[in-house]
Each structure stands twice: as C-alpha cells, then as structure tokens.
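Just so you know, these numbers use all the heavy atoms, side chains as well, and skip hydrogens, waters and symmetry mates. Just so you know, these numbers come straight off a predicted model, no measurement behind them.
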Amino acid sequence: MSSILNNVNNITSQTKITYRLAPIEYEINEILVTGSDAIKYECVKCLTEIENKAFQCKNGHIACENCWEVIISARRMCMTCEIPISSITELPRNLFFEGEYSNWKQNRLVVCPYSKEKLLIPILPAINNENNSVQNLCCHGAMEYSELHNHIQVCESTILECNLCSINFYSKDTDKHQNECSMVYLKCEYCNIDVQRPSLLDHHKSNCKKYLIECNHCKMVIERETETKHLKEDCYEIMIPYTNRNDFPKIGKGINQQCSTLSCQFLTGYRREFIEFSFNGKNETLFKE
C-alpha cells in the first residue's frame, strides 16, 4: 500500500558526484596501427621511442637522455663508436630528429586503448556492469594520435571511477551509476532530510515524520507524525467506552448539551462518527461534535 501512497521515484540527489578516468597502462606501440615506422624513432639502447630530448655524439649516434646518462656513468664513451664522453653536457641535442618525431607522433594512426580488451583486463573485474564483454569495447577505428585525447573525453567505452564509492563503470553508464551510487545522499521528498541512498527505504518505513501511512482502523491516509493525534481525536472507527448516560456522546454537531434522558439500550461504547439509538421511540443518530 505504501507504494501507492508514496511515490519515491522523483527524489533527487543532493550529492555532487565527480569521476576520473580509471588508470589504464599501455605502451604506445600497443595501440599503433600495424605497419608503423616507429622503429626509426627508437633509442638504439632501450629500443623505446625517444619522446623527449634526443642527444647524439659527434658521429651522430642518437639515444635517449636516460640511456646516455647510464652509459657515460659506466663507460664514459659512446655505446656505438666508443668515442670518449665525460659528461652528457658535451652532447648536442638533435633538434631535427625531435621535430620529425613530434610531427610523426601527431599524425601516426592509432586506435583507442579502450578497444583493446587485453589492456582493460586489470580493471574489468572492478566494473559495476553485468556485461564486461567485447560488446563494450570502443569500435571507433583508427585515428591520428593528435585526435586521441579528444576522443577519450567523449568515448563511451572509457572506464571511469566514482570519487565517492570508487566503483568503476563504463562512461555510457554514468547516468545509471548516478542513480545507483550507494554513497549518494538523497533529499527525502516528504521531510526534506538528507538520507544516504541505502537508508532511504528504512527512513521512509520507520523515521520519516511526514511519510504518508494508512490508518489501520479507518483506512484514512495521514502523515506519520499525526498518527497519535488521529487515533486519539479523529479516527471514526475507534470505539470510545463509557460507563453511564452522562458519558454518552453529545447530541448533534456543535451542540454542547449532553443527553441525560436517553431511553436506549445499554451500550459499551460508541464510534466517533455516529451511533444509532432509540430516543422517545424514534431512531436517532448522534454525530461527532
């Protein structure tokens, strides 16, 4: 019956939920479209792309800054031609290489990391979603690397982490999580008190003073806080005991005169709403004052 008396579907969240991208680790070569010529921008020692500063020896051998520091510290010479080098400050940067790499990096074709199931395996178990299958992977296809950042901002397959409950979910399920997050406080539509979502039903069931309930006697819909007064003063189905005629209900609505000449059979009580009895040979009705 409470589901009929009270509509709790229109409650609104009083808690602001923010999200962040769930951490996903990958190397750039894991999202590169096959056939890439990334090898010509790799460090000759660690075989990773030289993404920052590219230093070279006098003979033009290029390596990343970290590898140069390790080699100079250990051998004080170039790892390829073995010319003496005492400090990395002796090495010039190859600005042409860096510029070429920057241009290539922005234009090379990649796919969204959220299209690679193997990259998502570490965080898939934490997703609050019944279907963690391939159907949730991004299907955008190849794009230039320069477009990747903007794509991730709108990709529905990105995995977000709620700042309140730390649950992971797909971006397309943001609205669903907003309506499910257990840490959100909702404003009770009856008493305007903020209640945490899991406790809202119990609040309605036991604590909310303004929640609408049904009187067990007269079936009238009343607020919970008025139940005691209703039973004591207003409920028409409550039987009120009396011991003699002087305790019998007052005749007529608003009449202050008590009936002391009633010729009716003895009753053990009366309802507030009305009672029929025999008065001077006629059937009369007493109404609540």
Side-chain angles (χ1 to χ4, degrees), residues 20-124 127 132-161 168 170-172:
R20 69 182 185 91
L21 283 174
I24 173 174
E25 297 181 0
Y26 61 93
E27 297 292 338
I28 190 65
N29 58 7
E30 294 182 277
I31 62 171
L32 281 175
V33 175
T34 57
S36 170
D37 54 353
I39 188 172
K40 66 181 182 180
Y41 298 105
E42 291 179 353
C43 171
V44 295
K45 181 171 177 58
C46 64
L47 301 181
T48 60
E49 293 178 20
I50 305 177
E51 297 188 8
N52 298 313
K53 299 175 182 179
F55 290 92
Q56 69 178 32
C57 72
K58 293 179 181 180
N59 293 326
H61 299 128
I62 301 174
C64 66
E65 183 176 14
N66 289 337
C67 287
W68 273 122
E69 290 179 342
V70 171
I71 293 169
I72 294 173
S73 175
R75 301 178 58 191
R76 295 187 178 278
M77 64 176 62
C78 174
M79 82 277 303
T80 304
C81 64
E82 297 186 351
I83 63 171
I85 303 172
S86 59
S87 172
I88 195 172
T89 57
E90 298 179 10
L91 301 178
R93 286 172 56 185
N94 189 324
L95 300 181
F96 178 80
F97 178 96
E98 293 176 6
E100 284 291 301
Y101 172 77
S102 178
N103 293 333
W104 172 82
K105 181 178 179 180
Q106 296 301 315
N107 296 325
R108 59 185 163 174
L109 295 181
V110 297
V111 294
C112 175
Y114 294 93
S115 67
K116 300 286 189 178
E117 187 173 15
K118 67 178 182 178
L119 299 179
L120 305 179
I121 288 177
I123 52 180
L124 281 177
I127 293 182
N132 294 335
S133 62
V134 177
Q135 65 181 357
N136 290 311
L137 298 180
C138 176
C139 55
H140 180 276
M143 69 192 85
E144 292 186 357
Y145 182 80
S146 58
E147 301 172 347
L148 182 60
H149 176 76
N150 290 336
H151 166 75
I152 289 179
Q153 302 306 309
V154 298
C155 178
E156 292 187 346
S157 296
T158 54
I159 298 176
L160 305 178
E161 181 179 297
N168 292 348
Y170 290 106
S171 176
K172 61 184 177 182

Over 12 non-hydrogen atoms of neighbours within 6.0 angstrom of [atom1] in [X]:
| X | atom1 | answer |
| --- | --- | --- |
| Glu156 | CD | no |
| Glu25 | CD | no |
| Tyr145 | OH | no |

[atom1] of [X] to [atom2] of [Y]: how many Å apart, nearest 0.5 Å?
| X | Y | atom1 | atom2 | value |
| --- | --- | --- | --- | --- |
| Glu69 | Leu91 | CD | CG | 10.0 Å |
| Cys64 | Lys53 | SG | NZ | 12.5 Å |
| Ile31 | Leu148 | CD1 | CG | 5.0 Å |
| Lys116 | Cys138 | NZ | SG | 11.5 Å |
| His140 | Cys155 | NE2 | SG | 8.5 Å |
| Tyr41 | Ser102 | OH | OG | 10.0 Å |

Looking at every heavy atom in both [X] and [Y], which two are closest together, and how far apart are they?
| X | Y | answer |
| --- | --- | --- |
| Ile85 | Trp68 | CD1-CZ3, 3.7 Å |
| Leu119 | Pro113 | CD1-O, 3.7 Å |
| Met79 | Ile71 | CE-CD1, 2.6 Å |

Are Tyr114 and Ile24 close enough, and set up right, to give a side-chain contact (heavy atoms from CB on, under 4.5 Å), and what steps lead you there?
CA-CA 9 Å; Tyr114 294 93; Ile24 173 174; 3.5 Å; yes
Set of residues satisfying salt bridge (charged side-chain N to carboxylate O under 4.0 Å, His left out) with respect to Glu82, sequence neighbours excluded
Arg75
Run the numbers on Tyr101 and Glu49 for side chain to side chain donor-acceptor pair (under 3.5 Å), then give the verdict.
CA-CA 9 Å; Tyr101 172 77; Glu49 293 178 20; 2.6 Å; yes
Can you find a pair of side-chain heavy atoms, one from [X] and one from [Y], that are under 4.5 Å apart?
| X | Y | answer |
| --- | --- | --- |
| Gln56 | Phe97 | no |
| Val33 | Val110 | no |
| Glu42 | Thr48 | no |

Would you check, one step at a time, whether the test side-chain contact (heavy atoms from CB on, under 4.5 Å) holds for Ile159 with Tyr170?
CA-CA 5 Å; Ile159 298 176; Tyr170 290 106; 4.0 Å; yes
Has [X] got a side-chain atom pairing as donor or acceptor with [Y]'s backbone, closer than 3.5 angstrom?
| X | Y | result |
| --- | --- | --- |
| Ser157 | Asn136 | yes |
| Arg76 | Ser86 | yes |
| Ser115 | Cys112 | yes |
| Asn59 | His61 | no |

Would you call Glu98 and Arg93 a salt bridge, using N to O less than 4.0 angstrom?
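Salt bridge between Glu98 and Arg93, a charged N being under 4.0 Å from a carboxylate O: yes.
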Verdict with supporting geometry, Leu32 and Arg108, side-chain contact (heavy atoms from CB on, under 4.5 Å):
CA-CA 8 Å; Leu32 281 175; Arg108 59 185 163 174; 3.5 Å; yes
I would like to know whether Leu21 and Leu160 meet side-chain contact (heavy atoms from CB on, under 4.5 Å); could you show each step before the answer?
CA-CA 5 Å; Leu21 283 174; Leu160 305 178; 3.7 Å; yes
